[in-house]
Amino acid sequence: MGVYLNPGNEPFQMAVNSKIYVDKTGLISYTNSVIKTEQRFLCVNRPRRFGKSMAANMLAAYYSKNADSEILFRNLEISKDPSFHQHLNKYNVIFLNIQDFLSRTHEITKMRTLIERAVLRDLLKAYPDIDYLDRNDLSGVLLDIYGETSDTFLFIIDEWDCIFREYQTDTNAQKFYLDFIRNLLKDRSYVALAYMTGILPIKKYGSHSALNMFDEFSMANPGPLSTFVGFTESEVKALCADYSMDFEEMKRWYDGYCFEGTTHIYSPKSVVSSLLTRTYDNFWNKTETFEALRDYIVLNYKGLKDMVIELLAGNRKRINVHTFSNDMTTFQSADDILTLLVHLGYLGYDFGTKEVFIPNSEIAAEFCNAVESAGWERVIQSIRESETLLQATLQKNGDAVARQLSEVHMETSLLTYNDENALSCTIALAYYSAREYYQAFRELPSGKGFADIVYIPRKNHFENPALVVELKWNHSVEGAISQIKQKKYVKSLEDYTGNLLLVGINYDKKKKEHQCMIEEYRKND
């Protein structure tokens with residue numbers, strides 16, 4: 001074993017030995033299926049804290065020659081796969097953590113030189129008797145080894161995109177780096193498999209990519225690898241049972257990422273931190289990705305502020321993810337910035353509807369931190385005062401609710417505040433704190449129509465009444481309450497046995513003021 005050639009299985013052994021380990025070795029079934037095929041180039045991108053490095057270490061442990069990993073994998077999912085023994089510890093693995101090399105050199109050409117020297121040292125030790133044309137040419141040495149021995153190599157490249165995150169505007173360095181990776185891997189018969197992992201998709205210059213041989217699996221579309229992005233719902237349920245933790249609370253805090261065919265994916269590092277500390281909190285560590293979130297919000301690029309306010313209110317926004325240039329500086333529209341936030345993990349993306357949304361309470365807290373850092377004091381003030389609004393609602397103080405809604409309207413200043421959809425956004429933001437106590441549903445189906453917003457108490461807050469909210473635009477609050485009753489909206493709450501409040505809210509466009517009426521409701525009324 002070397003440092004970079006066949007590095008062994010110790011890092012993955014530590015992961016398996018940890019207090020909490022969730023078996024994701026099913027990924028190996030997929031990589032086994034594409035070894036030595038045209039599909040052998042995989043670029044798998046995830047946000048920070050989503051287990052990228054663990055997956056890379058797992059693959060190294062499984063494939064590396066001389067690692068003797070059968071006992072390590074014997075009780076894991078991959079051991080049941082027919083291909084398990086066929087590929088176990090059968091390949092020369094070259095493992096590169098690009099972030100490590102960049103941190104040691106701080107310059108792209110020096111980084112490339114260090115990578116080549118480091119890998120060449122291991123290769124020349126392992127194959128001392130080959131007749132090399134040039135011992136200083138990495139791809140040439142690999143070709144010479146393959147030519148004389150037919151040995152192929154499996155490349156695992158972790159943090160492959162750190163160049164594009166740390167040298168965001170240095171396009172010459174980026175192109176130099178992409179050319180290095182292309183020269184090392186593309187059309188090389190010695191490549192049995194190449195697995196790259198990072199955060200960003202592969203950078204495209206013009207209409208083509210320098211690494212167009214890679215199949216990409218990203219947060220916008222992970223394809224068949226969706227269950228390996230994070231923890232699945234069944235995995236989190238099992239962990240909550242083992243640790244006697246509240247699954248519904250775990251779901252509220254860390255669920256929300258969804259992909260085609262996989263509807264509930266949880267942030268893995270946050271779930272583990274929650275279980276080990278026995279708390280539900282924001283475990284999103286501050287990194288350059290948080291700085292990106294804050295900086296782009298400050299820019300308010302082409303209406304981004306209004307979009308962020310709507311996302312904070314719980315709305316979804318349809319975007320085009322295909323115009324994104326796969327870097328952190330080239331933006332043609334607000335859609336491009338929102339696409340970047342999808343890749344950074346700050347937004348979920350529904351592949352079916354093409355919509356983005358804030359996935360859970362943890363990420364919502366990060367948005368609030370970023371909004372506050374960006375100086376959006378009025379928006380933050382509305383969120384801070386949302387607890388007061390909720391209490392006024394529970395006390396059936398319609399006048400107080402109306403006054404505070406008018407203040408929120410002035411503070412958020414949504415440019416499109418001219419219809420019921422904009423009113424709904426303002427109301428949802430004004431009731432921001434209700435999410436801690438309630439599960440909110442937009443347009444909940446009822447007997448004869450849709451209630452605009454329904455708040456159902458979470459199981460630890462059943463002392464609060466459910467809220468059925470009907471919104472009107474240039475009508476009357478009496479009409480809103482009457483509509484709730486006439487259309488039997490409360491039929492959709494037949495399984496709910498607690499108290500109910502009917503909340504009618506109207507915005508008078510001419511007077512530019514809100515009205516609110518609140519009634520207590522009993523199901524036998």
Side-chain angles (χ1 to χ4, degrees), residues 20 22 47 49-50 219 229-259 262-285 310-316 341-342 345-350 355-371 383-384 386-387 389-391 393-394 427-444 453-467 469 493 495-496 498:
I20 297 174
V22 174
R49 309 155 60 256
F50 273 70
M219 292 298 282
V229 172
F231 291 170
T232 65
E233 186 147 281
S234 60
E235 290 165 345
V236 174
K237 280 184 177 178
L239 289 170
C240 287
D242 290 343
Y243 281 78
S244 301
M245 294 282 281
D246 187 337
F247 168 71
E248 291 301 325
E249 194 68 2
M250 193 73 73
K251 183 180 182 70
R252 178 170 76 91
W253 272 94
Y254 311 118
D255 184 21
Y257 301 96
C258 66
F259 308 108
T262 309
T263 55
H264 295 281
I265 292 293
Y266 292 67
S267 173
K269 177 63 168 63
S270 297
V271 169
V272 170
S273 297
S274 177
L275 293 168
L276 294 179
T277 62
R278 307 196 65 79
T279 60
Y280 307 99
D281 201 355
N282 181 2
F283 296 104
W284 198 274
N285 297 324
E310 290 196 58
L311 292 168
L312 277 169
N315 286 1
R316 289 178 167 224
L341 297 182
V342 169
Y346 288 107
L347 291 175
Y349 178 70
D350 188 323
E355 294 173 322
V356 292
F357 52 91
I358 295 177
N360 52 50
S361 294
E362 182 181 41
I363 301 302
E366 284 295 283
F367 266 90
C368 287
N369 291 337
V371 165
I383 292 173
R384 288 172 182 161
S386 60
E387 180 71 27
L389 179 68
L390 176 60
Q391 294 306 314
T393 305
L394 296 177
I427 302 307
L429 186 64
Y431 280 101
Y432 186 89
S433 70
R435 303 175 195 184
E436 182 175 349
Y437 316 102
Y438 291 90
Q439 189 171 3
F441 297 91
R442 300 290 187 90
E443 296 191 332
L444 186 66
I453 310 175
V454 174
Y455 292 95
I456 308 294
R458 298 185 183 278
K459 69 179 183 178
N460 294 328
H461 298 283
F462 283 153
E463 72 279 4
N464 291 335
L467 309 176
V469 183
L493 300 172
D495 294 333
Y496 174 71

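Every heavy atom of this structure was used, including side-chain atoms; hydrogens, water molecules and symmetry mates were not. If you read the sequence from its start, that first residue is 1, and numbering goes on from there.
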Are the charged groups of Glu249 and Arg252 less than 4.0 angstrom apart, N to O? yes
Return yes if some donor-acceptor pair links the side-chain N/O of Ser386 with the main-chain N/O of Ile383 below 3.5 Å, else return no. yes
Exam field: side chain Tyr280 to backbone Asp246, donor-acceptor pair closer than 3.5 Å: yes
Starting from the C-alpha separation in whole Å, work towards a yes-or-no answer on side-chain hydrogen bond (donor to acceptor under 3.5 Å, both in side chains) for Arg49 and Ser270. CA-CA 8 Å; Arg49 309 155 60 256; Ser270 297; 2.2 Å; yes
Roughly how far, to the nearest 0.5 Å, is CD of Glu248 from SG of Cys240? 9.5 Å
To the nearest 0.5 Å, what is the distance between CZ on Phe247 and CG on Asp255? 7.0 Å
Test your reading of the model: is there a side-chain donor-acceptor pair from Tyr266 to the backbone of Glu235, 3.5 Å cut-off? no
Quick check for you: to the nearest 0.5 Å, what is the distance between Tyr349 atom OH and Phe357 atom CZ? 10.5 Å
Assess whether side-chain hydrogen bond (donor to acceptor under 3.5 Å, both in side chains) is satisfied between Glu463 and Tyr437, documenting all intermediate values. CA-CA 10 Å; Glu463 72 279 4; Tyr437 316 102; over 6 Å; no
Side-chain heavy-atom pair Phe283, Lys269 within 4.5 angstrom cut-off: no
So does Ala466 get a backbone contact from the side chain of Tyr496, meaning a donor-acceptor N/O pair under 3.5 Å? yes
Ion pair check, Glu436 and Arg458, cut-off under 4.0 Å: no
Looking at side-chain heavy atoms only, is the closest gap between Leu390 and Leu467 below 4.5 Å? yes
Does the plane of the ring in Trp284 sit parallel, tilted or perpendicular to the ring in Tyr346? Use 30° and 60° as the thresholds. tilted
Taking the side chain as C-beta and beyond, is there a heavy-atom pair between Cys368 and Leu312 under 4.5 Å? yes
Spacing of Tyr254 atom OH and Ser274 atom OG [to the nearest 0.5 Å]: 4.0 Å
May I ask you to decide if Ala313's main-chain N or O and Tyr431's side chain share a donor-acceptor pair within less than 3.5 Å? no
Please report the interatomic distance OG1(Thr263) to OH(Tyr257), rounded to the nearest 0.5 Å. 15.5 Å
With rounding to the nearest 0.5 angstrom, report the CE to CG distance, Met250 to Asn360. 12.0 Å
